There are 2 protein chains.
Amino acid sequence: MSELEAVSVAVSPSEKYREYLATQRLRMTRERAIIVEEVFATHEHFDAEQLIQRLNLRQDGKRVSRSTIYRSIKQLEDARLIRKVARQDDRDLYEHDYGYPQHDHLICKKCGELTEFDNDKISELLEEVARGFGFRIEGHRLEAHGLCDKCCRRPRERPKKLNLI
Amino acid sequence: MSELEAVSVAVSPSEKYREYLATQRLRMTRERAIIVEEVFATHEHFDAEQLIQRLNLRQDGKRVSRSTIYRSIKQLEDARLIRKVARQDDRDLYEHDYGYPQHDHLICKKCGELTEFDNDKISELLEEVARGFGFRIEGHRLEAHGLCDKCCRRPRERPKKLNLI
DNA sequence: TTTCCTGCAAAAACTTTGCACTCAC
DNA sequence: GTGAGTGCAAAGTTTTTGCAGGAAA
């Protein structure tokens, strides 16, 4: 399942965001529209700095300030459009939460590669365990750390720096 | 499994640390001894700031500087004596890795309670998934987020601040 | 026209680092 | 004796915030 297909969704991320903002009596501004569009332009994982860079490079007048980007990332999290995946290089790494199926990650400690997978059995077992504690699960995060296929075979290769776009 | 018993270990954490240092040709200093002792004095989860506070309160001359504590935490991680559990309030939270069985967590988003559990089936399934990708797992982290038993029953109670010791 | 929002710069929060002195081996 | 370790203060990073001007509804 490394090639996930987007789940068909009733409304676009921008629309979903607009709906969220409406429920909170907040406004859909030019900046928020630019950000949600940029965030959902690709399915790459990203961190705040990367998003700032992407929006800073734009010469089409669609620049958005650093503060606003930080503020919006939080809001997109609240709106359940994105969520934190992991920490990488002292930064929170985000991914799409809306319009994308639940999945977990295999994280290569050498090259940083993130492989997505999903396993219903694991989710079921987890539910079962939680039930035993009277715990109501709303979501989970499962990351396995180790060496990916490539890095197992070629252990001498030096790690890529993935944080610099 | 909320009441885990410590696994019986051949050597104490301090001894394990000393061995690690020896393999790296590093030295067991007074400060490092104080830190490893304090870290393993209880099984509580902790973050850097909390450890600094604990060591700062001591009037017995066993104070250790902030820098050294940060440096040692990293080293204890490298030595596999402790490991990161999660992030809480923008800080990395650590727990014992040595002398304590592998386990995962149920994290209550309301009161912050951490419940530990272990399930071999889940670990096995994860291994199986990883094998399919040619991925070699060295460790994993599984956290379920939601509401604990108490908070399901009494949803109106206000969350405790757990970060202040 | 009333809030809410943005950008900027400054601040905050956490962590790392340079350096001179000290100490373990 | 010598290289590693420590404490301090200063700097580095990432993220947050106060505020004045600007813009949705």
Side-chain angles (χ1 to χ4, degrees), chain A residues 14 17-38 46-56 58 61-79 82 84-94 161-165, chain B residues 14 17-38 46-56 58 61-79 82 84 86-94 161 163-165:
Chain A
S14 299
Y17 191 21
R18 183 182 301 280
E19 286 171 11
Y20 170 79
L21 291 170
T23 68
Q24 305 296 108
R25 311 219 163 197
L26 300 173
R27 297 164 185 175
M28 174 50 90
T29 61
R30 198 187 81 94
E31 289 77 4
R32 288 175 182 166
I34 292 171
I35 291 168
V36 68
E37 181 205 302
E38 184 67 43
F46 66 95
D47 61 38
E49 193 57 36
Q50 292 173 338
L51 191 54
I52 291 164
Q53 292 311 317
R54 279 158 65 183
L55 288 171
N56 251 327
R58 302 177 67 143
K62 291 193 168 181
R63 201 190 79 89
V64 180
S65 76
R66 174 172 289 271
S67 327
T68 297
I69 292 171
Y70 271 108
R71 287 188 273 236
S72 296
I73 286 176
K74 277 195 169 159
Q75 213 167 46
L76 289 171
E77 255 193 293
D78 292 340
I82 62 175
K84 282 182 193 155
V85 201
R87 270 225 133 202
Q88 200 166 74
D89 302 312
D90 298 316
R91 293 172 189 167
D92 286 317
L93 206 61
Y94 298 88
K161 267 286 187 182
L162 291 180
N163 50 327
L164 309 171
I165 308 193
Chain B
S14 300
Y17 191 21
R18 184 182 299 278
E19 286 171 11
Y20 170 78
L21 291 170
T23 67
Q24 306 296 107
R25 310 218 164 197
L26 300 173
R27 296 164 186 176
M28 174 51 89
T29 61
R30 197 188 80 95
E31 289 78 5
R32 289 176 182 165
I34 292 171
I35 292 169
V36 68
E37 181 205 302
E38 184 67 43
F46 66 95
D47 62 38
E49 195 57 37
Q50 292 174 338
L51 191 54
I52 289 164
Q53 293 311 316
R54 278 158 66 184
L55 288 172
N56 251 327
R58 302 177 67 143
K62 290 194 168 181
R63 201 189 79 89
V64 180
S65 75
R66 175 171 289 270
S67 327
T68 297
I69 292 171
Y70 272 108
R71 287 188 274 236
S72 296
I73 286 176
K74 277 195 171 162
Q75 213 167 47
L76 289 171
E77 255 193 294
D78 292 340
I82 62 175
K84 281 182 194 154
R87 270 224 133 203
Q88 201 167 74
D89 302 312
D90 298 315
R91 294 173 189 166
D92 286 318
L93 205 63
Y94 298 87
K161 267 285 187 185
N163 51 327
L164 309 170
I165 309 191

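Protein chains get the first letters and strands the later ones, always in sequence-line order, with residue 1 at the start of each. We use all heavy atoms of the structure for the numbers below, so side chains are in, but hydrogens, waters and symmetry mates are not. All values reported here derive from a predicted model rather than from experimental measurement.
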S.K.: To the nearest Å, give me how far apart CD (A:Q75) and P (C:dC5) are.
M.R.: 7 Å
S.K.: Quick one: B:I69 CD1 to D:dC8 P, roughly how many Å, whole number?
M.R.: 11 Å
S.K.: Among the nucleotides D:dA24, C:dG7, C:dC8, which one has an atom lying closest to any side-chain atom of A:R63?
M.R.: C:dC8
S.K.: Given D:dG7, D:dT15, C:dC5, which nucleotide is nearest the side-chain atoms of A:A48?
M.R.: D:dT15
S.K.: Touch check for A:R66, heavy atoms < 4.0 angstrom, all strands: base, sugar-phosphate only, or nothing?
M.R.: base
S.K.: Any idea which of C:dC14, D:dG3, D:dC8 is nearest the B:Y70 side chain?
M.R.: C:dC14
S.K.: Tell me if a side-chain donor or acceptor on A:E38 pairs with a main-chain N or O of A:I35 at a distance below 3.5 Å.
M.R.: no
S.K.: After noting the C-alpha distance and the side-chain angles of A:M28 and A:E19, does the key distance pass the side-chain contact (heavy atoms from CB on, under 4.5 Å) rule?
M.R.: CA-CA 9 Å; A:M28 174 50 90; A:E19 286 171 11; over 6 Å; no
S.K.: Distance only, no hydrogens: is a donor on one side chain within 3.5 Å (strictly under) of an acceptor on the other, for B:Y17 and B:Q75?
M.R.: yes
S.K.: Among D:dT6, C:dC23, C:dC5, find the nucleotide with the atom closest to the side chain of B:R27.
M.R.: C:dC23
S.K.: Does B:S67 reach a base, just sugar-phosphate, or nothing at all? Heavy atoms under 4.0 Å.
M.R.: base
S.K.: Is B:F46 close to B:I82 at the side-chain level, that is, under 4.5 Å between some pair of heavy atoms?
M.R.: yes
S.K.: How many Å lie between CD on B:E31 and P on C:dC23, as a whole number?
M.R.: 9 Å
S.K.: Could you check how far CZ of B:R71 sits from P of C:dT17, rounded to whole Å?
M.R.: 9 Å
